[in-house]
Amino acid sequence: MFDALSARFAKTFGNLRSKGKISSSDIDSVLDEITSALLEADVAKEVVDLFTERIGAQAAALLPTLQAGSNQAQAIFDVVNSELIKILGSEGRRIRFAKNPPTVIMLAGLQGAGKTTLAAKLAKFYKDQGNTPLLIAADLQRPNAVTQLQVLGEQIGVPVFAPEQGNGSGNAVEVARDGIAFAQSKVHNMVIVDTAGRLGVDDELMDEAIAIRNQIQPHEILFVIDSMIGQSAIATARAFEQGVGFDGLVLTKLDGDARGGAALSITEVLKRPIMFVSTGEKISDFDLFYPERMASRILGLGDVATLAEQAKKALNPETSAKLEEKFARGDDFTLEDFLEQLEAMANMGSMGKLLSMLPGAASMKKQIENFDESEIVRTKAIVQSMTPHERRDVKVLNGTRRARIARGSGRAVSEVNSLVERFSAAQKAMKQMRNGSMPAGMPAAMSGMPAIPASKSAVVHKKKSKSGNPAKRAAEERG
Ligand code: GDP
């Protein structure tokens, strides 16, 4: 998503940066470029006009104040960035918890928008933060919606209130009402109500949503919208706003290759904040919405903040600490450690997604698309086919052992050889690094090689000469 838009922005600012002195006609052509890029990305015309008007006015005021030799293009870029953040809602809004629990969140939207999936994602997200959510299966229309929610609930360990099997029968208002009473009796502090959508906006859909709303008086109504539906997203959102009404939006399927216009238009048009985004079918493909991070992605600066957060979440602190200690002690990094690292990487989700958060990712689109996700799985299978002894000491891996490992993992002997070779080289590099000859934190994950803990450990036991001057020594020790 946004790849085409990011590439256009990158090109426009690349051109601008190549100019020594920026004139007002340069600004005009930047505005023209931005206009056509946004319209092509399906951004609503009214939003494009507003956006370029604001940038134009600020750039015109800024231009005479820019000194020759100063980074003029950067100043203009900063204006665009801050206006983009504004269009996206400035500050992300978060769920407001009710004074008297449970906090009731109702989901509304068209069929297939991703409500049921989202209900589970939200429940998992808030459960992980120490809440006790209950899911209510009040989509009694879409075939299998109730079962789907039950399966998801089981998967994430969240109870699902589902007295009706749905598939076109049962009373959704009663289910929602009874579900809230059940949540109160079981002291759940949060309730997420999945409701039925239809293929298009119609009276029946809206009447049911309104009846549920009136019955349960939710604290938050979230309108869930598929970002792949392009321009019609705005009309649908307007219909829901005028019908059931909503407090915030959730954009789903941001992982698709849609042009992304809805995301950029909806907040400005409807004056409602985007609160969450869904970026895939897996429960973990979900995040809070951060306007500044989204702007950064659109402008080709990547989303390093999210990347760092995901890495932190995926790495087990105990494993990392153990590895750091080992490293500091001077012990060898073994294939057992490598296996733990591979598992952490798998927890971080798709490599393609991670790589796409790097600055300049739009220009590496092809390479990212070609990244072979199964490489990690294959490597893991090879390491798992080794005995603990072999994992700790690859030197024992003779031809017979390698052939056995290849058979056990269903891979070719040449692949086992290649892994062992690469691993031994990495192990050697780490030894050198420990002696202070290479920087720590090598992003080995990218090359399928063991990651090195990015910490001070590389220098932990490097002897330092201490100053003979007590004041200087104290300063050194403080440092
Ligand atoms: P509902 O009818 O609104 O409850 O929609 P569902 O939750 O059943 O989702 C419809 C389809 O979209 C399912 O196949 C989901 O797996 C899929 N889906 C939901 N969210 C996402 C997302 O963010 N990205 C992708 N690629 N698929 C999604």
Side-chain angles (χ1 to χ4, degrees), residues 1-3 105-125 135-156 158 160-162 164-168 170 172 175-176 192-202 204-206 208-209 212 221-230 232-233 236-237 239-240 243-244 246 248-260 262-263 266 274-289 294 297 303 306 310 349-350 352-353 356-357 369 373:
M1 168 144 244
F2 299 128
D3 292 338
I105 302 170
M106 172 177 163
L107 306 182
L110 293 182
Q111 183 169 318
K115 289 182 297 307
T116 306
T117 317
L118 181 86
K121 290 179 178 185
L122 275 177
K124 170 80 165 69
F125 179 82
L135 287 161
I136 298 183
D139 177 354
L140 305 181
Q141 297 303 322
R142 182 167 62 75
N144 286 324
V146 174
T147 323
Q148 185 189 342
L149 195 63
Q150 284 170 319
V151 170
L152 290 170
E154 179 118 343
Q155 199 181 319
I156 58 174
V158 168
V160 179
F161 183 82
E164 296 281 358
Q165 273 316 296
N167 297 325
V175 169
I192 299 161
V193 188
D194 186 22
T195 68
R198 298 282 194 286
L199 293 175
V201 176
D202 63 24
E204 214 180 324
L205 155 77
M206 214 52 87
E208 181 179 282
I212 295 177
I221 301 180
L222 302 185
F223 172 60
V224 183
I225 185 114
D226 177 344
S227 44
M228 314 242 278
I229 67 174
S232 68
T236 308
F240 272 83
V244 65
F246 57 83
L249 289 132
V250 182
L251 290 177
T252 62
K253 310 192 191 176
L254 269 184
D255 50 313
D257 53 7
R259 290 169 288 185
I266 228 157
I274 300 171
M275 293 170 69
F276 303 96
V277 288
S278 170
T279 54
E281 297 190 62
K282 285 204 288 250
I283 295 284
S284 56
D285 296 331
F286 167 82
D287 208 347
L288 296 167
F289 179 70
M294 183 70 91
R297 266 186 172 220
D303 183 357
T306 301
Q310 290 197 354
S350 121
K353 249 182 216 170
S356 71
M357 291 184 214
E369 271 169 11
E373 302 275 348

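Worth knowing before you read on, the calculation uses all heavy atoms, side chains too, and leaves out hydrogens, waters and symmetry mates. Just follow the structure's listing: the first ligand is 1, and inside any ligand the first atom is 1.
Nearest-residue assignment for atom 10 (C) of ligand 1 (options A119, G112, A120; heavy-atom criterion): G112.
Listed by chain and residue number, nothing satisfies the side-chain hydrogen bond (donor to acceptor under 3.5 Å, both in side chains) test with T252 (two or more places apart in sequence, or in another chain).
Closest to atom 8 (O) of ligand 1 among all protein heavy atoms lies R142 NH2, 3.1 Å. Nearest non-hydrogen protein atom to atom 11 (C) of ligand 1 is K253 NZ, 4.1 Å. Scanning all protein heavy atoms for the shortest distance to atom 23 (O) of ligand 1 gives S278 OG, 2.6 Å. Ranking the protein heavy atoms by distance from atom 7 (O) of ligand 1 puts T117 OG1, 2.5 Å first. Nearest non-hydrogen protein atom to atom 16 (O) of ligand 1 is E281 OE1, 2.8 Å. Scanning the protein for heavy atoms near atom 4 (O) of ligand 1, the closest one is T116 OG1, 2.6 Å. In terms of protein heavy-atom proximity, atom 5 (O) of ligand 1 is closest to G114 N, 3.1 Å. Nearest protein heavy-atom neighbour of atom 3 (O) of ligand 1: K115 N, 2.7 Å.
Heavy-atom contacts of Q148 reach the following atoms of ligand 1: 7 (O), 8 (O) (cutoff under 4.0 Å). Numbered from 1 in the order shown, with element, the atoms of ligand 1 that lie under 4.0 Å from a heavy atom of Q111 read 2 (O). Set against the non-hydrogen atoms of L110, the atoms of ligand 1 under 4.0 Å away are 3 (O).
Contacts between D194 and ligand 1 below 4.0 angstrom, taking non-hydrogen atoms only, are absent altogether. Only the side chain of D255 comes within 4.0 Å of ligand 1, counting heavy atoms alone; its backbone N, CA, C and O stay farther away.
For F246 and F240, the ring centers sit 6.0 Å or farther from each other.
The shortest non-hydrogen separation linking A123 to I156 is CB-CD1, 3.9 Å. Pairing each heavy atom of M206 with each of A239, the nearest pair is CE-O, 3.6 Å. Contact record, A237 with I266: CB-CD1, 4.0 Å, taken as the closest heavy-atom pair.
Considering backbone and side-chain N/O atoms, G280 comes within less than 3.5 Å of an N/O atom of ligand 1. Ligand 1 has no N or O atom lying under 3.5 Å from any N or O atom of T252, backbone or side chain.
With respect to V175, the side chain to side chain contact (heavy atoms under 4.5 Å, CB included) criterion is satisfied by exactly one of V193, D139, L140: L140.
In this structure a side-chain-to-backbone donor-acceptor pair under 3.5 Å is present from T195 to L107.
Every heavy atom of D139 sits 4.0 Å or more from the atoms of ligand 1. Ligand 1 lies nowhere less than 4.0 angstrom from a heavy atom belonging to G109. Under the 4.0 angstrom criterion for non-hydrogen atoms, A145 is not in contact with ligand 1.
Counting heavy atoms from C-beta on, the side chains of L152 and I283 come closer than 4.5 Å. Looking only at side-chain heavy atoms (C-beta outward), V158 and I192 stay at 4.5 Å or farther from each other. A heavy-atom distance below 4.5 Å is found between the side chains of T236 and F223.
Between F286 and F276, the two ring planes are parallel [angle under 30°; tilted spans 30° to 60°].
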Side-chain donor-acceptor distances from residues 141-148 under 3.5 Å, at least two apart:
residue : atom : partner : partner atom : Å
R142    : NH1  : Q148    : OE1          : 3.0
R142    : NH2  : T116    : OG1          : 3.0
R142    : NH2  : Q148    : OE1          : 2.7

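Less than 4.0 angstrom separates atom 19 (C) of ligand 1 from at least one non-hydrogen atom of the protein.
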